[in-house]
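So that the names make sense, note that chain A is the first sequence line, chain B the second, and so on, each numbered from 1.
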Amino acid sequence: MKSERQIAEAIAAALRELGLELSDDVIKVEKPARPEHGDFASSVALGLSKRVGRNPRDLASQIASTAAISEIPHLASVELAGPGFINFRLENGYLHEALLEVIEDGEDKFARSTLGADEKIQLEFVSANPTGPLHVGNAWYASFGDSLGRVLSRCGYDVSTEYYVNDTGGQIRTLGESLLARRSGDAPPEGGYRGEYVVELAKRYDGPEDITIAGRFAAKENLENIRQSLEKLDIHFDEWYSQASIEESGAVAETIAILEGQGSTYEKDGALWLDATRFGDTRDRVLKKSNGDFTYLAGDIAYHRNKFLVRGFQRVIDIFGADHHGQVASLKAAVAALGIDPDRLEILLGQMVSLVEGDRKVKFSKRAGDVVAMDWLVDQVGAPVVRLLSLSSSIDRASSIDVEEARKTSMDNPVYYIQYAHARIASIERVRQERGIVLVDVDQVPVDLLQHPRELELIRTLVRLPEVVEAAAKERAPQKVVTWLREFASDFHGFYHDCPVLAESTPPDLVQARLLLVSGAQIGVRVALGLIGVAAPEQM
RNA sequence: GCCCCUGUAGCUCAGCGGAUAGAGCAGUUGCCUUCUAAGCAAUUGGUCGUAGGUUCGAUUCCUACCGGGGGCGCCA
């Protein structure tokens with residue numbers, strides 16, 4: 001926020017005043033965890049002491065007594081603490097000012113930034129093969145990808161989300177075989193798809209006895225199904241990109257020819273290999289099998305060439321399941337071989353999740369037909385719970401989800417805790433209208449009446465949202481928004497409990513001030529809920 | 001064997017270079033004549049896997065080891 005920046009600037013000026021011209025990266029201003037350490041604190045003196053050969057406390061003391069520091073807006077006091085921290089305490093006016101900025105920004109501008117500078121960034125996720133219904137295992141990070149996209153957009157990136165449709169190759173043939181077998185009343189072949197959905201599809205298939213055609217039919221149906229499952233989670237892709245279309249357009253052959261032409265390939269055992277080790281991979285990779293077919297990798301290379309060179313994305317983020325870890329090095333090597341800086345390709349790996357229901361451990365395996373469909377989970381616990389749950393922990397952690405736990409719709413569930421905060425805000429607004437309380441102009445509201453610890457704490461949390469969103473974007477960690485929402489809800493409920501807005505005992509001026517705070521809070525919570533794709537209910 | 005992720009309260013997880021490590025659930029206990037108690041408050045519970053190292057400062061960074069998950073196909 002503004003004050004933090006002002007303090008950092010003041011410290012920079014203080015250092016210049018003391019003749020210590022140093023780069024800004026040593027100036028750290030943070031918010032201490034403990035109130036006795038002030039509103040803001042800096043450890044510059046600690047970091048600098050060695051470089052300038054002075055002891056940290058003396059240095060801190062010198063910095064603290066400069067004119068630059070004394071000119072910090074709203075400054076109440078400066079204290080030295082610990083090994084050399086400088087703690088700044090500000091008058092509460094800095095919070096009131098910050099609240100007014102939130103109101104001025106409104107839902108559209110608050111916590112929006114230009115960090116991304118309109119960089120064209122493509123985000124590919126889910127991309128589950130259309131061989132069956134969307135299941136929990138490969139859709140768990142769908143909410144992560146979608147929320148990351150929303151966060152990046154809010155930070156000024158030009159984001160395009162995409163689902164890569166694997167509608168060709170062996171799995172689709174197997175799917176076609178399974179479908180035809182079911183139609184003739186037989187069991188699916190060894191290694192085929194045994195799920196009940198294949199039987200249903202077979203009933204509706206009246207096409208020829210052709211594996212490819214049957215497979216394509218089934219894939220198309222499955223994909224439509226998957227699309228609907230994702231819609232239930234409020235996940236919509238800008239683009240559904242077909243692998244078959246890439247192959248049919250000749251782009252794969254073209255891409256491989258380019259690699260061949262520049263001498264990045266060689267032939268061995270009747271196959272065409274990419275000299276991937278030259279570009280950082282652990283081993284070389286086959287591009288064209290000895291039977292003449294292209295490998296999956298070949299298609300993927302063409303696809304990524306398309307992303308970078310045909311469609312011109314400056315940055316590409318792929319979200320894969322950890323079981324696709326093996327593809328990372330080869331894809332990056334191939335991209336490098338095509339002359340694209342491999343750092344422009346970011347591959348995020350979502351670790352495997354396991355689903356637990358009481359003592360029963362559920363395994364995901366599509367072919368065995370023993371899968372937990374995303375639809376089932378959404379029906380069981382509701383879309384908001386699924387979205388919040390999958391964003392509650394980092395994608396680097398192999399988490400386990402207890403369906404029984406998630407099913408509890410009582411006060412236990414964090415989603416309701418958060419949504420309830422919004423419902424209470426909406427309720428205050430309803431009652432205000434019922435009672436005909438008229439809102440005065442913003443510049444007439446005596447914001448400085450907001451002095452209750454609950455009020456101040458709520459403002460403190462509220463005005464932190466912009467930096468949380470930026471951090472979520474930079475670190476590709478949309479779950480940070482969830483953490484913020486929990487804190488926000490906690491602060492709001494505390495405020496609600498201790499600071500009645502519309503009670504008869506509340507003086508009219510304070511009513512206005514609190515109503516302003518409530519509308520600021522509403523802006524914050526709506527923005528944050530929007531970023532994680534969870535509805536903001538008017539009542540519960 | 002090599003590569004990636006991970007080990008924090010009884011459980012599920014935050015925190016990831018700052019000063020006395022947090023939340024939810026579970027346990028114990030208070031608070032509804034008020035804008036919704038799907039709430040608030042208090043309280044119990046931790047060798048931050050182990051051992052070294054870097055640093056003024058390490059749960060956070062580095063190394064090794066131990067435990068857990070995933071990967072190392074002319075499958076996708």
Side-chain angles (χ1 to χ4, degrees), chain A residues 28 30 32-34 36-37 41-43 45-47 49-50 55-56 81-85 87 129 131 166 168-172 174 243 268-273 282-283 285-291 293-297 299-300 321-329 349-354 356 389 392-402 405-406 408-421 423-432 434-435 454 475 479-480 482-483 486-487 489-490 492-506 514 518 539-540:
Chain A
K28 283 191 292 185
E30 56 201 30
R34 313 193 144 266
E36 59 267 34
H37 295 143
S42 180
S43 58
L46 263 350
S49 67
K50 187 168 263 180
N55 103 39
F85 288 103
N87 295 338
N129 292 348
T131 52
N166 201 330
T168 180
Q171 293 198 5
I172 300 303
T174 306
Q243 183 184 6
K268 194 181 82 180
D269 305 330
L272 184 71
W273 294 70
T282 50
R283 54 184 289 270
R285 309 282 171 174
V286 173
L287 296 172
K288 196 175 192 178
K289 307 177 197 175
S290 48
N291 71 3
D293 287 351
F294 289 113
T295 57
Y296 177 82
L297 176 64
D300 221 8
D323 53 339
H324 290 251
H325 168 66
Q327 291 169 231
V328 176
L349 295 177
Q351 297 300 314
M352 303 285 98
V353 295
S354 56
V356 178
L389 207 56
S392 292
S393 67
S394 137
I395 64 166
D396 293 332
R397 173 190 281 266
S399 40
S400 75
I401 300 105
D402 189 334
E405 199 66 30
K408 291 185 187 169
T409 52
S410 64
M411 55 181 89
D412 304 349
N413 207 306
V415 189
Y416 302 106
Y417 184 75
I418 293 167
Q419 289 188 316
Y420 189 44
R424 279 180 150 177
I425 289 171
S427 155
I428 291 172
E429 174 58 17
R430 272 196 304 276
V431 173
R432 181 192 70 79
E434 275 165 32
R435 297 195 191 162
R454 297 288 210 181
E475 295 166 38
Q479 69 275 12
K480 283 183 183 291
V482 174
T483 308
R486 286 213 181 101
E487 278 177 50
S490 170
F492 185 82
H493 289 309
F495 159 77
Y496 185 91
H497 188 264
D498 287 355
C499 304
V501 178
L502 302 173
E504 282 176 26
S505 55
T506 308
R514 284 182 174 167
V518 169
Q539 52 189 313
M540 293 174 73

Exercise for review: Determine the contact category for A/Met540: base if any of its heavy atoms lies under 4.0 Å from a base atom, sugar-phosphate if only primed atoms, P, OP1 or OP2 are that close, otherwise nothing.
Suggested key: base

Check your understanding: Between A/Arg283 and B/rC74, is there a side-chain N or O to OP1/OP2 distance below 4.0 Å?
Key -> yes

Check your understanding: Contact class for A/Ser394 vs. all strands (heavy atom < 4.0 Å): base, sugar-phosphate, or nothing?
Key -> sugar-phosphate

Practice item. Answer yes or no as to whether B/rA37 has its base stacked against A/His497, where stacking requires a ring-centre separation under 5.5 angstrom and planes under 30 degrees apart. Key: no

Practice item. Looking at every strand, decide which applies to A/Pro500 at a 4.0 Å heavy-atom threshold: base, sugar-phosphate, or nothing. Key: base

Practice item. Could you tell me which nucleotide pairs with B/rC2 by Watson-Crick or G-U wobble geometry, both distances under 3.5 Å, or answer none if nothing does? Key: B/rG71

Exercise for review: Give a yes/no answer on whether the side chain of A/Arg424 brings an N or O atom under 4.0 Å of OP1 or OP2 in B/rA37.
Suggested key: yes

Review point. Considering only side-chain heavy atoms of A/Val501, which listed nucleotide, B/rC35, B/rA76, B/rA14, is closest?
Key: B/rC35

Exercise for review: For A/Arg397, report the nucleic acid contact type (base, sugar-phosphate, nothing); a contact means any heavy atom under 4.0 Å.
Suggested key: base

**Study point:** Touch class at under 4.0 angstrom, heavy-atom based, for A/Ala329 against every strand present
**Key:** nothing

Revision key, fill the gap. From the candidates B/rG18, B/rA19, B/rU12, the one with an atom nearest any side-chain atom of A/Ala41 is B/rA19

Review point. With a 3.5 Å cut-off and just heavy-atom distances, do the side chain of A/Asp323 and the base of B/rA76 make a donor-acceptor pair?
Key: no

Check your understanding: Is A/His37 stacked on the base of B/rA19 when the test is centres under 5.5 angstrom and planes under 30 degrees?
Key -> yes

Practice item. Using a 4.0 Å heavy-atom cut-off across all strands, classify A/Gly169 as base, sugar-phosphate, or nothing. Key: nothing

Check your understanding: Any donor-acceptor pair under 3.5 Å linking the side chain of A/His493 with the backbone of A/Tyr420?
Key -> no

Exercise for review: Provide the Watson-Crick or G-U wobble partner of B/rU34, both distances under 3.5 Å; none if there is no partner.
Suggested key: none

Exercise for review: Tell me what A/Ala421 touches on the nucleic acid: a base, only sugar-phosphate, or nothing, going by heavy atoms under 4.0 Å.
Suggested key: nothing

Exercise for review: Decide yes or no, distance alone: a donor-acceptor N/O pair under 3.5 angstrom between the base of B/rC74 and the side-chain of A/Ser290.
Suggested key: yes

Practice item. Look at all strands and tell whether A/Val431 reaches a base, only sugar-phosphate, or nothing, counting heavy atoms closer than 4.0 Å. Key: sugar-phosphate

Exercise for review: Verify, without hydrogens or angle tests, whether A/Arg514 (side chain) and A/Pro500 (backbone) share a donor-acceptor contact under 3.5 angstrom.
Suggested key: yes

Review point. Is the phosphate of B/rC75, meaning OP1 or OP2, less than 4.0 Å from a side-chain N or O of A/Lys289?
Key: yes

Practice item. Would you classify A/Lys480 as touching base, sugar-phosphate or nothing, given that sugar-phosphate means primed atoms plus P, OP1 and OP2, and contacts are heavy atoms under 4.0 Å? Key: sugar-phosphate

Check your understanding: Applying a 3.5 Å limit to both distances, which nucleotide forms a Watson-Crick or G-U wobble pair with B/rU43?
Key -> B/rG27

Check your understanding: How would you label the contact of A/Ala271 with the nucleic acid (heavy atoms, under 4.0 Å): base, sugar-phosphate, or nothing?
Key -> base

Exercise for review: Using both distances under 3.5 Å as the test, list the Watson-Crick or G-U wobble partner of B/rC61, or none.
Suggested key: B/rG53

Review point. Counting only distance, no hydrogens or angles, is the base of B/rG69 paired donor-acceptor with the side chain of A/Gln351 under 3.5 Å?
Key: yes

Point to revise | B/rG45 versus B/rG39 - spacing of their C1' atoms, nearest Å | key: 24 Å

Review point. Under 4.0 angstrom, heavy atoms only, what part of the nucleic acid is A/Ala81 near: base, sugar-phosphate, or nothing?
Key: base

Point to revise | Sugar-phosphate only, base, or nothing, as touched by A/Arg454 at under 4.0 Å among non-hydrogen atoms | key: sugar-phosphate

**Study point:** B/rG46 versus B/rA9 - spacing of their C1' atoms, nearest Å
**Key:** 5 Å

Exercise for review: Return the value, rounded to whole Å, for the distance between atom CG of A/Asn87 and atom P of B/rG18.
Suggested key: 15 Å

Review point. Does B/rA38 have A/Tyr417 stacked on its base, where the ring centres are within less than 5.5 Å and the planes differ by under 30°?
Key: no

Practice item. Rounded to the nearest angstrom, tell me the gap between atom CD in A/Gln243 and atom C1' in B/rA76. Key: 8 Å

Check your understanding: Of the candidate nucleotides B/rU12, B/rG24, B/rG18, which contains the atom at the shortest distance from the side chain of A/Glu30?
Key -> B/rG18

Point to revise | From B/rU12, B/rA76, B/rG18, nucleotide with atom closest to A/Asn166 side chain | key: B/rA76

Review point. Hey, does A/Gln479 reach any base, or is it just sugar-phosphate, or nothing, if we go heavy atoms under 4.0 Å?
Key: nothing

Check your understanding: Is the phosphate of B/rG24, meaning OP1 or OP2, less than 4.0 Å from a side-chain N or O of A/Ser392?
Key -> no

Review point. With a 4.0 Å cut-off on heavy atoms, is A/Ser505 in touch with a base, just the backbone sugar-phosphate, or nothing at all?
Key: nothing

